[in-house]
**Q** 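Next up is a structure, given as structure tokens.
Values below: all heavy atoms of this structure, side chains included; hydrogens, waters and symmetry mates excluded. Throughout, protein chains are lettered first and strands after them, A, B, ... in sequence-line order, and every chain is numbered starting at 1. Remember, it's a predicted structure, so these values are computed and weren't measured experimentally.
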Amino acid sequence: MIRNGKKNYNLIVGSIITGFILLLILVGTFYTPYDPDAMDAASKFAGVSLKHPMGCDNFGRDIFSRVLEGSRTTFIVAAGTVFIGTFFGIIMGALTGYYGGIVDEILMRFNDAMFAFPSILLALLFISLFGSGKYQVILALGIAFIPSFARIVRSEFIKCKNMDYVKNAKLQGASNIRIMFVHILPNTVTVLLSAIMIGFNNAVLAEAGMSFLGIGVQPPDASLGRMLSEAQTYLFSAPTYAIFPGLIIILMVLGFSLLGDGLKSEE
Amino acid sequence: MDEKHLLKVTDLNIEFHDHIVPETVVYDFDLTLDEGDIVGLVGESGSGKSMSALAIAGLLSRKDMKKRGEILFEGVDLLTCERSTLRDIQGNDISVIFQEPMTSLNPVKKIGWQVEESLRIHTDMTKEERYQKVIQMLEDVELDNPEQVYNQYPHELSGGMRQRVMIAAAMICAPKILIADEPTTALDVTIQAQIVKLLKRINKEKKTAIIFISHDLSLVKQICERVLVMQGGYIVESGLTEDIFNNPQKEYTKKLIEAIPKVDRNKKG
Amino acid sequence: MKYAGKKVITMIITLFAVTLFVFLAFHFISGDPATSMLGTEATPERVEALREEMGLNDPVLLQYGRWALNFLKGDMGISYSYRMSVSEMVADKIPVTVTLTILAFLMMVVIAIPLGIYTAKHVGGVIDRIIYMINQVIMAFPPFFAGILITLVFGRILKLFTPGGYVSYQKDFFGFVGYLIFPAFAIALPKAAMAVKLLRSSVISESKLDYVRTAYSRGNSTKAVLYKHVLKNALIPVITFLGMALADMIAGSIIIEQVFSIPGLGRILLTSISNRDYPVVMAVIVCISLLVLVVNMVVDIIYGLVDPRISIE
């Protein structure tokens with residue numbers, strides 16, 4: 001972590017923040033101080049206290065417990081989105097990049113058209129078709145993310161396919177599939193990794209945005225975006241209701257982007 | 001002090017300070033240059049020849065590099081003078097052409113704009129006068145269709161044309177010293193010969209002193225009257241080109257001379 | 001000019017692809033429009049009659065052609081929920097979203113370019129580092145959360161504007177623009193942070209190139225090298241980014257409109273998504289796509305003007 005006598009602060013701070021968030025999610029999976037959905041009229045809008053470290057919402061639910069659950073939902077959605085985007089992006093990018101030709105031309109024209117499209121709009125289109133809910137969001141965002149991953153993988157494959165080690169593998173009689181996924185793919189890992197980091201952050205922001213709009217994750221699932229949308233109504237009477245979920249989203253994204261920046265400068 | 005020489009470099013030492021451990025790249029460099037001289041600076045990459053030349057041109061960062069010694073140009077020490085004094089000399093009295101004419105030209109500016117830049121900085125000429133001068137200069141470096149070249153961009157020219165443009169831009173203010181840092185390395189052999197001929201002609205006609213830097217001894221032999229051989233930051237041998245070629249003293253120089261292919265080379269240097 | 005023409009053709013082809021995609025997606029997944037219009041109690045005969053009347057029994061591509069042609073003529077169909085012309089519903093929303101996006105874009109440029117240049121000029125300095133940290137945090141901000149905080153701070157606490165006090169542009173144009181300033185700021189902020197970061201690194205990497213050394217060798221001052229040589233080169237990647245950011249902002253305004261209760265395209269899109277009012281959803285998505293594609297085309301053309309290397313291929 002030390003290079004040219006300078007510490008890689010991005011990597012250090014990014015790891016700490018991401019570690020903290022992952023810890024929160026892990027703990028929240030097994031234990032929350034209160035039932036995140038338990039309502040308690042007596043503690044409606046209770047302020048920050050030892051009993052409720054982030055206060056309570058309009059139904060008297062413990063915000064801290066809901067934040068724990070919400071960050072897990074947001075994390076799962078983002079991870080699922082990136083998984084779908086990466087998986088199909090790799091397949092599409094690898095095939096088009098490796099084989100080229102007319103199929104590549106058509107698929108990439110289509111891909112460019114989709115890429116020019118803001119992914120949130122694409123996701124909205126799918127949501128209006130699939131309906132809303134956690135899995136629909138993962139599917140909608142996942143599909144919306146495929147073009148950007150396919151684009152990156154394709155350009156890496158085009159770069160690699162004429163390299164000597166690929167020619168060598170061909171001479172040794174390796175099949176095309178083997179060359180694509182055993183020889184070339186591992187060489188795209190660095191580029192892919194940074195794309196995944198960026199994609200993850202975009203997915204977190206997109207999920208939060210869609211849930212905020214009420215067309216993402218649906219109750220009873222808690223999500224950071226949904227909490228913010230509910231909190232907006234009570235902004236003045238209970239500002240902590242909005243601030244804490246917002247803060248967690250920021251930390252989640254910040255951690256990953258610092259980590260990404262840090263890894264980039266390590267190379 | 002020594003006002004008789006156009007340029008007098010004494011005991012120049014250059015040290016890098018941008019890493020943890022300071023690194024010296026040039027030791028005790030000495031050079032004198034008078035009007036009309038052509039001096040060759042020879043050595044392999046990393047020998048310090050380019051560093052010394054860049055120091056003379058005032059192009060080494062004052063922050064990251066420590067320099068000792070003196071570079072007297074007409075009595076002014078370029079190492080210690082005001083930045084504005086240095087800038088008045090750069091491009092006006094001392095010009096540089098570089099190895100890679102493609103990257104050394106600004107990709108998004110027209111050729112004419114780049115060639116006349118020194119005129120804009122150092123003279124009060126009107127736009128029209130500058131235009132005339134640039135066209136004349138482009139003709140002078142043997143470019144066809146100067147009016148057309150004036151409005152073109154670097155990527156639209158061939159490598160040889162670009163280097164001619166670089167020379168035109170460097171010569172536009174009729175400098176007293178032209179530093180040519182491996183000016184032909186990136187070019188084809190035939191173009192190399194043309195560029196060398198052009199530099200020789202400029203030297204004859206305009207009395208411009210030239211510091212010609214190259215790792216290619218055969219080129220240096222064609223153009224230079226004096227040679228400095230550098231290795232590992234030191235000048236290992238210096239003298240008249242003829243003497244050094246006929247009677248090299250140092251093992252390193254002998255090797256460099258032996259490395260010159262006897263038959264015409266047809267690969268890039 | 002040949003280049004610009006090429007870009008226009010590309011845009012038209014892309015627009016065709018996008019609309020076809022949208023049309024097919026809705027055609028196959030959204031269910032039968034005739035049933036949606038008549039409700040579930042309608043007799044099969046009435047549904048069938050309406051299907052015939054609406055041309056739903058024709059081949060898909062014919063239906064697409066008819067829909068696209070009508071769209072071009074300004075007829076976007078009839079809303080299921082409101083039984084009124086979609087064109088009428090959408091028409092007066094477009095200026096709202098467009099104004100909001102343009103304001104945000106201008107703010108982004110005005111904030112990002114000077115800051116980007118400043119930080120690049122003072123790399124490693126205290127202010128550069130502070131701006132770097134602020135940037136990292138701002139980039140992590142979900143725009144709607146920025147909107148919420150702005151509402152809280154500027155609206156509720158400082159009382160610089162009235163949250164929810166939107167004024168229609170037909171009534172009071174300056175009041176309208178005035179209300180949009182803070183929402184636009186919320187949209188602009190994260191993009192501006194990204195643009196600062198990009199411009200900074202672009203200026204830094206350009207400054208290491210050979211032509212910069214050439215510029216110095218002619219006696220240019222540091223300032224002249226930056227403004228006359230480096231900047232134009234450094235702006236080239238930033239232009240691409242600004243174009244993408246503008247497209248994102250058009251889409252991002254959907255969310256911000258919700259935060260600040262602005263009745264623009266976003267608002268109507270969300271209502272119709274929850275009402276399953278497909279003609280409206282399709283119309284809004286196609287309108288936004290059209291805006292995005294036009295922006296992309298303009299950016300491509302500007303790109304060609306700035307970078308002489310692009311126009312020859």
**Q** Measuring heavy-atom distances to chain B, does V306(C) have an atom under 4.5 Å in its side chain, in its backbone, in both, or in neither?
**A** backbone
**Q** Measuring from atom OG of S221(C) to atom CD1 of I121(B), what distance do you get when rounded to the nearest 0.5 angstrom?
**A**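 So the gap between those two atoms works out to 8.0 Å.
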**Q** Counting only heavy atoms closer than 4.5 Å, note whether L54(B) contacts chain C via side chain, backbone, both or neither.
**A** side chain
**Q** Locate the shortest heavy-atom distance separating K228(C) from K109(B); write the atom from each residue and the value.
**A**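 The answer is O-CE, 3.0 Å.
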**Q** Given that the side chain runs from C-beta out, which part of N106(B) has a heavy atom under 4.5 Å from chain C: side chain, backbone, both or neither?
**A** both
**Q** Using atom types as modelled and distance alone, determine if a side-chain donor or acceptor of T214(C) lies under 3.5 Å from a backbone N or O of S104(B).
**A**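 Indeed, once roles are kept as given, a pair shorter than 3.5 Å links the two residues.
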**Q** Give a yes or no on this: more than 12 heavy atoms of other residues, nucleotides or ligands lie within 6.0 Å of atom CD1 of I127(C).
**A** no
**Q** Pairing donors with acceptors under 3.5 angstrom, does anything connect the side chains of Q99(B) and D210(C)?
**A** no
**Q** Quick one: does R218(C)'s side chain have a donor or acceptor within less than 3.5 Å of a partner on Q114(B)'s backbone?
**A**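 The answer is yes, because a donor-acceptor pair under 3.5 Å joins these two groups.
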**Q** Any chance you could measure H155(B), atom NE2, to D307(C), atom CG, to the nearest 0.5 Å?
**A** 8.0 Å
**Q** Counting only heavy atoms not in F185(C) (residues, nucleotides, ligands), do more than 12 fall under 6.0 Å from its CZ?
**A**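 Count not over threshold, so no.
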**Q** N220(C) and side-chain contact (heavy atoms from CB on, under 4.5 Å): which partner among E117(B), R87(B), Q90(B), R120(B)?
**A** E117(B)
**Q** With a 4.5 angstrom heavy-atom cut-off, which part of M166(B) approaches chain C: side chain, backbone, both or neither?
**A** side chain
**Q** Show the nearest heavy-atom pair for residues P308(C) and P107(B), with the distance to one decimal.
**A**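 So the minimum-distance heavy-atom pair works out to CG-O, 3.5 Å.
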